[in-house]
Amino acid sequence: MSSHPFPHLADGVTSTVENVDGNALAGPLSALFAADLTTALVTCRHCGDEAPLATAVVERDDSSDIVICRGCTHTLFTLHHSPAGLRLDLAGLAALAAPPDS
Amino acid sequence: MVTRADWFVGTVTEAAMLTRTGRRLLVDVPGWPGNRPGQHLDLRLTAEDGYQAVRSYSIASFGHGQAVELAVDELPDGEVSPYLVEDVIVGDQLEVRGPLGGFFVWDAEQTEPVQLIAGGSGIVPLVAMARAHHAAASAAPFRLLYSVRTPADAYFADELLSLVDASFALDWVYTRETPSGWPRPAGRVTRELLAETSLSASDAPTVYVCGPTGFVEATAKALVALGHDPQRIRTERFGGS
């Protein structure tokens with residue numbers, strides 16, 4: 001769509017994993033949830049730690065966002081991106097709570 | 001301001017290098033609902049064969065209006081940032097989704113003291129907060145600690161200096177090379193340095209830290225060691241080294 005074609009990496013070159021945090025999930029999750037979830041409190045099924053999603057560890061590459069509990073390093077959930085769409089696997093998520101209003 | 005994120009097509013209206021590797025882009029985005037200070041957007045590029053790449057970028061501008069200001073640092077092994085820094089020209093179109101995120105945000109209704117801490121291009125969302133603080137004539141005490149490799153690597157240096165007043169203080173940390181005559185040798189942000197150059201935990205500030213993941217981790221840990229309440233420390237990590 002740009003008048004300067006975007007020259008992507010050559011075939012066979014795989015993207016590297018980036019270590020970001022839950023703030024980066026705001027965009028992808030907006031395809032599934034109407035409200036911003038980055039301020040929501042997520043509870044880990046493994047250690048019981050409760051923290052805003054924005055603070056979680058996120059390992060991101062082109063195919064998925066793996067969301068990891070900062071308390072115990074277990075996976076909270078995984079967001080898979082594929083041509084078929086978006087899929088959320090709720091591996092270790094015990095609860096999701098919205099703050100009053102922010 | 002709506003929070004539901006939609007994709008928009010924007011047009012680059014201004015592009016200029018800020019530093020050797022950093023470039024400011026002004027993008028006109030018809031339909032953009034405005035954004036809160038500190039929010040980000042997702043930017044999507046589509047190659048001729050249909051391949052797409054999406055990256056998140058903080059927004060330096062805030063408020064209503066459809067002119068969205070970005071400042072992008074070129075990552076040596078990056079796929080999207082080299083295109084935005086070296087190839088994009090005025091008139092090119094970009095797809096953006098946003099505004100995004102409600103966590104790393106400062107609103108003018110906040111009255112508590114605020115400490116901003118930026119590593120490199122992590123300054124971008126903090127510039128939006130500093131501008132909003134100034135525009136609102138907020139009396140909330142603001143202090144910004146900006147860590148850069150060398151003086152030439154600073155984004156928005158003149159503008160930040162112009163914001164300094166009774167309620168906005170600015171401190172610099174140089175990690176590789178200092179200006180001549182600078183009182184401290186070049187070095188990373190440490191607990192001791194934070195104690196000297198940022199608001200004390202006893203002021204109970206809200207602290208916003210943005211930068212590469214390693215910088216944010218080290219800084220947040222040092223802040224907690226200095227007695228800051230972890231719940232008052234807001235972090236945004238953008239990967240990198």
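Model, not experiment: these values are computed from the prediction. Just so you know, these numbers use all the heavy atoms, side chains as well, and skip hydrogens, waters and symmetry mates. Proteins get letters first, then strands, A, B, ... in listed order; numbering begins at 1 in each.
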Next item on the list: Might you confirm whether atom CZ of B:Arg188 has over 12 heavy atoms from other residues, nucleotides or ligands at distances under 6.0 Å?
Entry: no

Next item on the list: Go through the atoms of A:Pro28 and report whether side chain, backbone, both or neither lie under 4.5 Å from a heavy atom of chain B.
Entry: both

Margin query: Out of A:Asn23, A:Leu37, A:Asn19, return the one with the most heavy atom pairs under 4.5 angstrom to chain B.
Written below: A:Asn23

Next item on the list: Could you look at B:Phe238 and say if it's the side chain, the backbone, both or neither that has a heavy atom under 4.5 Å from chain A?
Entry: backbone

Next item on the list: Measure distances from B:Glu109 to the heavy atoms of chain A and classify the residue's part below 4.5 Å as side chain, backbone, both or neither.
Entry: neither

Notebook entry, point to check: Do you know which of B:Val216, B:Val12, B:Val105, B:Leu45 has the most heavy-atom pairs under 4.5 Å to chain A?
Noted result: B:Leu45

Check: Shortest non-hydrogen contact from A:Gly27 to B:Asp42?
Finding: CA-OD2, 3.3 Å

Next item on the list: Identify the two heavy atoms, one from B:Arg97 and one from A:Ser30, that lie closest to each other, and give their separation to 0.1 Å.
Entry: CD-OG, 3.9 Å

Next item on the list: For chain B, find which of A:Thr38, A:Asp21, A:Leu29 contributes the most heavy-atom pairs closer than 4.5 angstrom.
Entry: A:Asp21

Check: For chain A, which residues of residues 221-237 of chain B have at least one non-hydrogen atom nearer than 4.5 Å to it?
Finding: B:Thr235, B:Glu236, B:Arg237

Notebook entry, point to check: Going from NE2 on A:His81 to CD on B:Gln52, what distance comes out if it is rounded to the nearest 0.5 angstrom?
Noted result: 12.5 Å

Notebook entry, point to check: Between A:Asp36 and B:Phe103, what is the shortest heavy-atom contact and its length?
Noted result: OD2-N, 4.4 Å

Check: Looking at CZ of A:Arg60 and OG of B:Ser56, how far apart are the two atoms once the value is rounded to the nearest 0.5 Å?
Finding: 5.0 Å

Margin query: For A:Ala26 versus B:Gly101, what's the shortest heavy-atom pair and its separation?
Written below: CB-N, 3.6 Å

